[in-house]
Amino acid sequence: LFNIGGKQRFTPSDRLKVVLLSEFKESAGVYLYDAANQFNSENLKFPEAETVPFWQGSGTDYGFSNTSKIHVKSGGGHTVEATGILGVMFDYEACGICNQNSRVDTMYNPKANFTNYFYKRDARYFTDSNENFVVFYVA
């Protein structure tokens, strides 16, 4: 779905974003910590990464088959359902979220003598399918 232009792309390390499933990162970190005592620890390091507890939902039992699962329907009518997704690595310009139209609504409660503040933003999403994007999964 990405690099639809068919051109060779290069993403420098400072523009590379990594998001990992937290369950995978913590489990692999424990395993690699033991291996680092025997091997070169620099070769066993994870990249700087954000973590998520699940991709689309936790399911009913927070099992790996639920937290690592996606179910996506594209605009072209294609459906992708997969489990075992460990992480993604992508170019900074491949996708993102822009928060626009920030505003605050207030509501005064005269009986209790306090004010509630409601912070709101409109989210805008973008995807550039000509940039690099890699999904890591186990089958």
Side-chain angles (χ1 to χ4, degrees):
L1 296 176
F2 281 79
N3 196 5
I4 61 172
K7 296 182 181 175
Q8 190 172 9
R9 302 280 181 194
F10 173 76
T11 302
S13 59
D14 63 330
R15 307 280 293 176
L16 185 66
K17 300 297 176 190
V18 180
V19 181
L20 297 173
L21 190 64
S22 58
E23 180 180 357
F24 165 70
K25 185 176 181 186
E26 296 303 318
S27 298
V30 169
Y31 176 75
L32 293 177
Y33 178 76
D34 289 338
N37 293 331
Q38 300 170 6
F39 302 105
N40 186 353
S41 63
E42 289 299 314
N43 293 335
L44 299 174
K45 275 186 159 179
F46 269 116
E48 288 295 320
E50 294 182 35
T51 59
V52 293
F54 44 79
W55 295 114
Q56 287 184 315
S58 60
T60 56
D61 60 356
Y62 286 93
F64 181 73
S65 61
N66 289 322
T67 58
S68 67
K69 180 180 180 180
I70 63 164
H71 183 85
V72 181
K73 293 180 182 178
S74 70
H78 299 286
T79 301
V80 176
E81 188 170 348
T83 60
I85 297 175
L86 303 176
V88 294
M89 183 169 59
F90 56 93
D91 190 284
Y92 176 80
E93 296 176 354
C95 60
I97 302 172
C98 300
N99 292 319
Q100 298 177 331
N101 192 18
S102 296
R103 58 201 180 276
V104 179
D105 292 336
T106 60
M107 181 184 300
Y108 179 69
N109 184 336
K111 185 174 182 179
N113 196 22
F114 66 85
T115 304
N116 284 327
Y117 296 94
F118 300 94
Y119 295 89
K120 300 178 181 181
R121 290 181 183 89
D122 295 333
R124 304 287 173 119
Y125 305 94
F126 70 89
T127 304
D128 183 356
S129 44
N130 272 315
E131 297 295 337
N132 292 324
F133 198 105
V134 179
V135 177
F136 297 99
Y137 68 96
V138 291

Going hydrophobic residue to hydrophobic residue with side-chain gaps under 4.5 angstrom, can you get from [X] over to [Y]?
| X | Y | answer |
| --- | --- | --- |
| Met89 | Val135 | yes |
| Val72 | Ile97 | no |
| Tyr125 | Val19 | no |
| Trp55 | Tyr62 | no |

Straight-line distance of [X] [atom1] to [Y] [atom2], nearest 0.5 Å:
| X | Y | atom1 | atom2 | value |
| --- | --- | --- | --- | --- |
| Ile85 | Phe136 | CD1 | CZ | 12.5 Å |
| Arg9 | Asp91 | CZ | CG | 9.0 Å |
| Gln56 | Lys69 | CD | NZ | 9.0 Å |

By side-chain hydrogen bond (donor to acceptor under 3.5 Å, both in side chains) - contacts of Asn99 (at least two apart): none
For a quick test of reading the model, state the closest non-hydrogen atom pair linking [X] to [Y] and the distance between them.
| X | Y | answer |
| --- | --- | --- |
| Leu21 | Phe54 | CD1-CA, 3.9 Å |
| Lys17 | Tyr92 | CE-CD1, 3.4 Å |
| Ser22 | Pro53 | OG-CA, 3.5 Å |
| Thr83 | Ser65 | CG2-O, 3.6 Å |
| Phe90 | Ala94 | CB-CB, 4.2 Å |
| Gly84 | Ser68 | N-OG, 2.9 Å |

Glu81 atom CD, over 12 foreign heavy atoms within 6.0 Å: yes
Intermediate values then yes/no, side chain to side chain contact (heavy atoms under 4.5 Å, CB included), Thr11 and Phe133: CA-CA 10 Å; Thr11 302; Phe133 198 105; over 6 Å; no
Considering only distance and modelled atom types, tabulate donor-acceptor pairs under 3.5 Å from the side chains of residues 113-121, sequence neighbours left out.
unit_1, atom_1, unit_2, atom_2, d
Asn113, OD1, Tyr108, OH, 2.6
Lys120, NZ, Asp105, OD2, 2.8
Arg121, NE, Ser102, OG, 3.2

CA sep, side-chain torsions, deciding dist, call: Glu26, Leu20, side chain to side chain contact (heavy atoms under 4.5 Å, CB included): CA-CA 10 Å; Glu26 296 303 318; Leu20 297 173; over 6 Å; no
Side-chain heavy atoms of Val52 within contact of Lys25, under 4.5 Å: no
Glu23/Thr51 under side chain to side chain contact (heavy atoms under 4.5 Å, CB included): CA gap, chis, key distance, verdict: CA-CA 9 Å; Glu23 180 180 357; Thr51 59; over 6 Å; no
